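See below for the structure under consideration.
Keep in mind it's a predicted model, so treat the numbers as computed, not measured. Each ligand, and each atom within it, is numbered from 1 in the order the structure gives.
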Amino acid sequence: LSADLLAEHSVFGKSLALVVARDGRLPAGADDTVAEAGGAVLVAGTASATVAESLPSASHVWLAETSTGPAGLAESLAPLLSPVELVLLPASPDGRDLAPRLAVSMGRPLLAGAVRASLGGNGEISADLLRLDGRVTVEVRCGEPAVVTLAPGVRTASPRAHPPAVERIQVSGGLAARAGGQAADPEVVALVEPDPATMDLADATRVIGGGAGLVPRGAGDKEAEAVFGLLTEVAATIGASVGATRVVTDAGWMGYQRQIGTTGVGIRPDLYVAFGVSGATQHVAGIGNPRDTVSVNTDASCPMTSIADLGLVTDALGLLVEIAERLDVPVPILVRDAVISSEEPS
Ligand SMILES: Cc1cc2nc3c(=O)[nH]c(=O)nc-3n(C[C@H](O)[C@H](O)[C@H](O)COP(=O)(O)OP(=O)(O)OC[C@H]3O[C@@H](n4cnc5c(N)ncnc54)[C@H](O)[C@@H]3O)c2cc1C
C-alpha cells in the first residue's frame, strides 16, 4: 500500500499501536501496547517482517520497512495517522523519542507514561498517567485526539485465536531528515549496547533474580549485600541484568528499581534464572513469559520451580559461588564466610 492510498483511505481505524523495531527486535512493552490499542499495530523500522509473530495480541499488523530516524518518521507518519484518534506507543527509548515528535507533527497533545488509555465513544481519550517516579497515577481526560506512551509491563497480552493479517506499507524517507531542517534527526555517531548492570530491567533479555533463599539464615546486612554484589558480578559476566524479590528490596539488599513484580518492574526476558525465589504470585506476575526459566531452590515443590523449565534443587548461594569460581569472578571473603556458616549444623 502506498502512502498516498493510506492517507486517502483511513485504513488504520480509530485506535492504533505504533511500534519501532530495530533489526527485527521489538522493544519491551510492544505487545502490551498492541493489546491496549485493541489489536491494530503499525510496526516501523528495520527488518520488521519477522516481528509480527512476536505480537500475540495483534489482529492486524502493518509493516513499514524504514531506517528513517524519529524526526523524519514523525513527519512522514503524521498525515497517514491523522484519522487515528488514539495513537499508542510503548514508552521504550525509541517510543519516547518518536512520540513527542509525532505529537508536534500532528498538532496533538502527548500523554506520556500511561498505565491505561482508552478511547470513548464520544471521541474522548482517558488515560491514567504515572507521575512522581511511578508513585502516583493521575487520571487525565482529553477531548481531542492524542498521542500516548504506555509504560512497559502494565498490562497482560490479549492473545488472538488466529494469526494477524499482515500488510506492508510504504512510508516516505522523511523530509525532516535533511540537515539543518527544523526537525532534523540527530546524526548517529555510534550505537552502544546498554550495560546489563545499569540498564532498565524492563529492556533486559537475560535476567538473574535473587530471593531471600540466597542469603543464609543468620547472615547480617553486610553479608547479604556482598551476596547480591556477587550475583550482580556473575550476571554481568554472562551479559545478564540482576533483579530481586520484594523481600530483598524491602531489606535494602538491592535497590527498588531492581524489584521484579506487580509492585516493581515488569520484565520480558528470554532467560530468567531465579536463585532462592519462592515464586509468589506478585513476583511471577512480573516475569513475563521467558523462553527459558531456571529455578534454583532447596524446595523442589515451590511455585518457582513448578513453573520453571529447569529446576535445580540445591543451595542457591553454594551454586552461585561455584559458578563465580568457574567464571573467574572473585568471591568476597564475607560471602565465603556466609557459605561456611550456613553449612555448620545449628
Ligand atoms: C501487595 C503486595 C505486593 C507485592 N509485590 C511484590 C513484587 O512486586 N515483587 C515481589 O517479588 N514480591 C512482591 N510481594 C511479596 C511476595 O508476596 C513474596 O513475599 C515475595 O516475592 C517472596 O520473596 P522471596 O521469594 O525472596 O522470599 P520467600 O518467600 O521467603 O522465599 C524464599 C525461597 O527461598 C528458598 N530457599 C531457602 N533457603 C534456600 C537455599 N539455601 N537455597 C535455595 N533456596 C532456598 C525457599 O524454599 C523459598 O522458596 C508483594 C506482596 C504484597 C502483599
Value rounded to 0.5 Å, distance of CG in L327 from CD1 in I323 = 7.5 Å
For the hydrophobic clusters of this structure (ILVMFWY residues joined by side-chain heavy atoms under 4.5 Å, transitively), does one cluster hold both L214 and V277?
-> no
If we number the atoms of ligand 1 from 1 as shown, the ones under 4.0 Å from a heavy atom of G264 are 8 (O)
Who gets closest to atom 10 (C) of ligand 1 by heavy atom: R217, M304, R246?
-> R246
Ligand 1 and Q259, any nitrogen or oxygen pair closer than 3.5 angstrom?
-> yes
Numbered atoms of ligand 1 (with element) below 4.0 Å of G211, judged on heavy atoms | 26 (O)
Which ligand 1 atoms does D315 reach within 4.0 Å, using its non-hydrogen atoms?
-> 40 (C), 41 (N), 42 (N)
Taking atom 37 (C) of ligand 1 as the reference point, the nearest protein heavy atom with its distance | G213 CA, 3.7 Å
Do D309 side-chain atoms and T293 backbone N/O form a donor-acceptor pair below 3.5 Å?
-> yes
Can we say R22 and D94 salt-bridge, meaning some charged N sits less than 4.0 Å from an Asp/Glu carboxylate O?
-> yes
Where do L320 and L231 come nearest, in terms of heavy atoms and distance?
-> CD1-CD1, 3.7 Å
Any idea which part of T314 is under 4.0 Å from ligand 1, heavy-atom wise: side chain, backbone, both or neither?
-> backbone
Identify the closest protein heavy atom to atom 27 (O) of ligand 1: which residue and atom is it, and at what distance?
-> A212 CB, 3.5 Å
Which atoms from ligand 1 have a heavy atom of D299 less than 4.0 Å away?
-> 47 (O)
Under 3.5 Å, is there a donor-acceptor pair linking the side chains of T237 and E233?
-> no
Note the single closest protein heavy atom to atom 24 (P) of ligand 1, along with its residue, its atom name and the distance in Å.
-> T245 OG1, 3.6 Å
Please state which protein non-hydrogen atom is closest to atom 28 (P) of ligand 1 and give its distance, to 0.1 Å?
-> S278 OG, 3.8 Å
Which of the atoms in ligand 1, numbered in the order shown and given with their element, are less than 4.0 Å from a heavy-atom of V277?
-> 25 (O)
Backbone or side chain, does any N or O of A316 fall under 3.5 Å from an N or O of ligand 1?
-> yes
Checking side-chain contact (heavy atoms from CB on, under 4.5 Å) against P93, which of D200, L98, D203 comes through?
-> D203
Distance (rounded to the nearest 0.5 Å) between L102 CG and L89 CG = 6.5 Å
Can a donor-acceptor pair be found between the side chains of D292 and Y272 at a distance below 3.5 Å?
-> no
Nearest non-hydrogen partners of L201 and V265, listed with the distance | CB-CG1, 4.0 Å
Inter-residue atom distance L86.CG - S118.OG, 0.5 Å rounding | 8.0 Å
Is G279 in polar range of ligand 1, meaning some N or O pair under 3.5 Å apart?
-> no
Side chain, backbone, both or neither: the part of I260 lying under 4.0 Å from ligand 1 by heavy atom = backbone
Quick one: nearest non-hydrogen protein atom to atom 19 (O) of ligand 1, plus distance?
-> V247 CG2, 4.1 Å
Please write down residue, atom name and distance for the protein heavy atom closest to atom 35 (C) of ligand 1.
-> N297 OD1, 3.2 Å
Under 3.5 Å between some N or O of ligand 1 and some N or O of L317?
-> no
Got a salt bridge between E85 and R108, using NZ or NE/NH1/NH2 to carboxylate O under 4.0 Å?
-> no
T298 touching ligand 1 at heavy-atom level, < 4.0 angstrom | yes
Please write down residue, atom name and distance for the protein heavy atom closest to atom 33 (C) of ligand 1.
-> G276 O, 3.4 Å
What are the two closest non-hydrogen atoms of S306 and S301, and how far apart are they?
-> OG-O, 3.8 Å
Between A280 and ligand 1, find which residue part has any heavy-atom pair under 4.0 Å and reply side chain, backbone, both or neither.
-> side chain
Closest protein heavy atom (residue, atom, distance) for atom 17 (O) of ligand 1 | Q282 OE1, 2.8 Å
